[in-house]
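This report refers to the structure that appears directly beneath it.
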Protein chains: 2
Amino acid sequence: MDKPTITIYDVAREASVSMATVSRVVNGNPNVKPATRKKVLEVIDRLDYRPNAVARGLASKKTTTVGVIIPDVTNMFFSSLARGIDDVATMYKYNIILANSDENSQKEVQVLNTLLAKQVDGLIYMGHVITDEVRAEFSRSKTPIVLAGSIDPDEQVGSVNIDYVEAVKAATTQLIQDGNKQVALVTGSLKQPINGEFRLKGYKAALNEAGLAYDDSLVFETEYSYNAGLKTFKQLQKAGATAAVVGDDELAVGILDGALDAGVSVPDEFELITSNNTKLTEMTRPQITSIDQPLYDIGAVAMRLLTKMMNKEDIDAKTIMLGFDITKRHTTK
Amino acid sequence: MDKPTITIYDVAREASVSMATVSRVVNGNPNVKPATRKKVLEVIDRLDYRPNAVARGLASKKTTTVGVIIPDVTNMFFSSLARGIDDVATMYKYNIILANSDENSQKEVQVLNTLLAKQVDGLIYMGHVITDEVRAEFSRSKTPIVLAGSIDPDEQVGSVNIDYVEAVKAATTQLIQDGNKQVALVTGSLKQPINGEFRLKGYKAALNEAGLAYDDSLVFETEYSYNAGLKTFKQLQKAGATAAVVGDDELAVGILDGALDAGVSVPDEFELITSNNTKLTEMTRPQITSIDQPLYDIGAVAMRLLTKMMNKEDIDAKTIMLGFDITKRHTTK
DNA sequence: AAAATTCAGTAAAACGCTTGCATTGCTATT
DNA sequence: AATAGCAATGCAAGCGTTTTACTGAATTTT
């Protein structure tokens, strides 16, 4: 009852040519006479032959599959990247194995290993932080790797980002120019380079240029969630902040709602700029001004870079910084 | 310079046993003397041997990989399902190949074929509608398939859902009990069974039970987007609706904002119940009352069902309906 | 017209693993 | 002591491709 799987060999026999010839027509190798090609294609069609990619992978040592490690698909920031990755992957005939890591180093290492065991041709890693264990795995393998939306302090592997220093600097400067003397910075863990290093640096640079003193009671380290935002607003108020640059959209929505709940008028009494420009920023009232990171593009460019690496093409630069904008909405004056 | 890939054969030689034995210890086959096992494991460790899953796949005809077809990862509804799927998949040692389809039948067929070529052990399909072409592909292959969050009119393949008829009925009834005589239904294309068949049925049933006449000028067919919601509110107002059951959260946020923009007070002058209970519903002011579909669970259960099918276990029921709730927030009285 | 080159195609060796079957020692049974 | 039974291994045949040589034939060059 099980239909016997039909193989390249069957096609060869039916078309009375060798397997090699069938393989050539399947792979578009030009070294085959049009008449033969046609004959083979007919048989393929008649037999409903479908090449077995696993066998092909074993023989050719290529799987046309790339591994993608993502903290959580459910997070818009990452799913936007993922969408860019998948679209470009499809364009170049690759498929994606998607694995959620929850930014858990142990899971990451584990998943990395199964991905490598599955012989993926390349890897894209998303996540805010790269632990030493993960870095160790990276260097242990010679599979090309690109980081999407996270910083590579070592520049060992490829990476695609925006210039977080400049982005936060621009946002902060804008808030200062609106007349705020007490601009807060609200981010995730300062242990993550993106926050503790880059964003903080941009923030300080802006203060400095404006001749304002840095005050670390205006820097808030919190979790990226709506509820954390709600709570954070109270602290912001206590600290006397009249504006904030926020590292995550959900968090920003929480802060906004915290302000509204407290009867604080936005943007008149409190201004807000967030960082990721996800759809969320348009769904609140007032809509939230945001640094516009081209998330989809970061993913797309990362995947494109990876294709080049897998192809052993020359790479101009392993680290690519995309431009950013600030999309003005209604949480700033 | 390229390290030679080290194979099971190398391990066998170094441990002076046969490949078969190494294979056995790698696969946890009990038929190995503890002493031998230990020796082999040591060599594996020393040589840093990593089994090649592609070769394994070819030999065993199992890839421990399942294909997942998703309309758009960027959509919270689907990404929630996907997260459930991935978590359960991981639990059962499967990986997921994720492919975005944009609900485009042609892409779906294409992706389905490459997935099958890659010899996935099973497939999970998400999408509101199953075109004939897709259905044809489904029946052409004997790979197990489960639909997650979409209806299978034919019951040919497995599927996991909630009871949309009852859910919409409950929501509509609630709105009627709040005193609304003009309750609207706002969904996506009525051509999709979930809308034109199930939701509409539930809606009519509720009206009927309440002794209200069905009026098709209160049924709105639109796109699932924030902007569509904004526009739709105006039509709702024109039609004299004082409440609405909405099929998508982004859409609902649009309608809510449309109401607020028009100076209509929610829920006093207009009530709203949405369908997917994504995080979005908590991020608006007022927060939106929603049918609570256990999205994560639908994904998880779908994947669990698929594992059973892949394992050729007995299945109690191919079609599974999960329970739902209505989470009351502040767009209803 | 002979030699060189290109074209089409063949045969068979990988690719790295699983697995059914055969084999080898042992221990337990008679 | 002979035999059966079993646990532990080894052997080798696949799995379905790609790819490397290689071979004739046809075409071009000299």
Side-chain angles (χ1 to χ4, degrees), chain A residues 2-41 43-44 47-65 93 114 116-121, chain B residues 2-41 43-44 47-65 93 113-114 116-121 143:
Chain A
D2 282 11
K3 297 175 202 164
T5 48
I6 101 111
T7 76
I8 198 173
Y9 183 77
D10 300 317
V11 176
R13 182 170 27 73
E14 290 289 312
S16 38
V17 296
S18 73
M19 302 165 41
T21 302
V22 177
S23 175
R24 287 198 189 93
V25 352
V26 168
N27 293 297
N29 182 314
N31 255 21
V32 50
K33 192 159 45 173
T36 320
R37 176 187 309 280
K38 191 174 168 224
K39 184 174 57 177
V40 171
L41 285 175
V43 175
I44 286 181
L47 263 44
D48 197 17
Y49 164 69
R50 185 185 274 145
N52 179 325
V54 174
R56 195 196 296 235
L58 182 58
S60 68
K61 294 173 172 273
K62 282 183 186 151
T63 54
T64 60
T65 302
K93 313 277 186 205
T114 88
L116 291 173
K118 293 210 169 169
Q119 312 297 116
V120 293
D121 296 337
Chain B
D2 282 10
K3 298 176 202 162
T5 48
I6 98 114
T7 76
I8 198 173
Y9 184 76
D10 300 317
V11 176
R13 183 170 26 73
E14 291 289 313
S16 36
V17 296
S18 73
M19 300 166 45
T21 302
V22 177
S23 174
R24 288 195 189 96
V25 352
V26 167
N27 292 298
N29 183 315
N31 255 19
V32 172
K33 188 158 50 171
T36 322
R37 177 187 307 281
K38 191 174 167 221
K39 184 174 58 177
V40 171
L41 285 173
V43 174
I44 286 181
L47 264 43
D48 198 18
Y49 165 69
R50 184 185 276 143
N52 179 326
V54 173
R56 195 196 297 235
L58 183 58
S60 68
K61 294 175 170 272
K62 283 183 187 152
T63 54
T64 61
T65 302
K93 313 279 186 203
N113 276 311
T114 88
L116 290 173
K118 293 209 169 172
Q119 313 295 117
V120 293
D121 296 337
T143 307

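In what follows, chains carry the letters A, B, and so on, assigned in the order in which the sequence lines appear, proteins first and then strands, with residues in each chain numbered from 1.
At a threshold of 4.0 angstrom between heavy atoms, the contacts of B:Thr21 are confined to the sugar-phosphate backbone, with no base atom among them. Across all strands shown, B:Val54 has no heavy atoms under 4.0 Å from either base or sugar-phosphate atoms. No contact: A:Arg37 has no heavy atom under 4.0 Å from any strand. Using a 4.0 Å heavy-atom criterion, one finds that B:Val17 contacts the sugar-phosphate atoms exclusively. Within the nucleic acid shown, B:Asn52 comes within 4.0 Å of sugar-phosphate atoms alone, with no base atom in reach, counting heavy atoms only.
Distance check: A:Ile8 CD1 to A:Ile44 CD1 gives 8.0 Å after rounding to the nearest 0.5 Å.
Among the nucleotides C:dT19, D:dT18, D:dA8, the one closest to the side chain of B:Ser23 is C:dT19. For B:Pro51, counting side-chain heavy atoms from C-beta on, the closest listed nucleotide (C:dC17, D:dT9, D:dG16) is C:dC17.
In this structure, NZ of B:Lys33 is placed 14 Å from C1' of D:dC6, rounded to the nearest angstrom. The nearest whole Å value for the distance from the NZ atom in B:Lys38 to the C1' atom in D:dA8 is 18 Å. Nucleotide C:dG20 holds its P atom 13 Å from the NZ atom of B:Lys61, rounded to whole Å. Distance, A:Lys62 NZ to C:dA14 P: 20 Å, rounded to whole Å. If you measure from atom CZ of A:Arg56 to atom C1' of D:dG16, you get 10 Å, rounded to the nearest angstrom. Regarding B:Tyr9, its OH atom lies at a distance of 13 Å from the C1' atom of D:dA12, rounded to whole Å. Note: CG (A:Leu58) to P (D:dT19) measures 12 Å, nearest angstrom. Put simply, CE on A:Met19 is 19 Å from P on D:dC22, counting in whole angstrom units.
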* When you look at B:Thr65 and B:Lys118, which way does the side chain to side chain contact (heavy atoms under 4.5 Å, CB included) test go after all the steps? -> CA-CA 9 Å; B:Thr65 302; B:Lys118 293 209 169 172; over 6 Å; no

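Side-chain contact of B:Asn113 with A:Arg50: a donor-acceptor pair under 3.5 Å is present, judged by distance alone.
Side-chain N/O atoms of A:Arg24 and base N/O atoms of D:dT18 include no donor-acceptor pair closer than 3.5 Å.
The shortest side-chain heavy-atom distance between B:Val17 and B:Val22 falls under the 4.5 Å cut-off.
Nucleotides of DNA chain D nearest to B:Pro30 and B:Ser60 differ in position, and the one nearer the 5' end is that of B:Pro30. Residues B:Ser16 and B:Ala55 each lie close to DNA chain D; by heavy-atom proximity, the contact nearer the 5' end of the strand is made by B:Ser16.
Close to D:dG16, at under 4.0 Å from its OP1 or OP2, lies no side-chain N or O of A:Thr7.
Evaluated for a side chain to side chain contact (heavy atoms under 4.5 Å, CB included) with A:Leu41, the options A:Val25, A:Val26, A:Thr36 yield exactly one hit, A:Val25.
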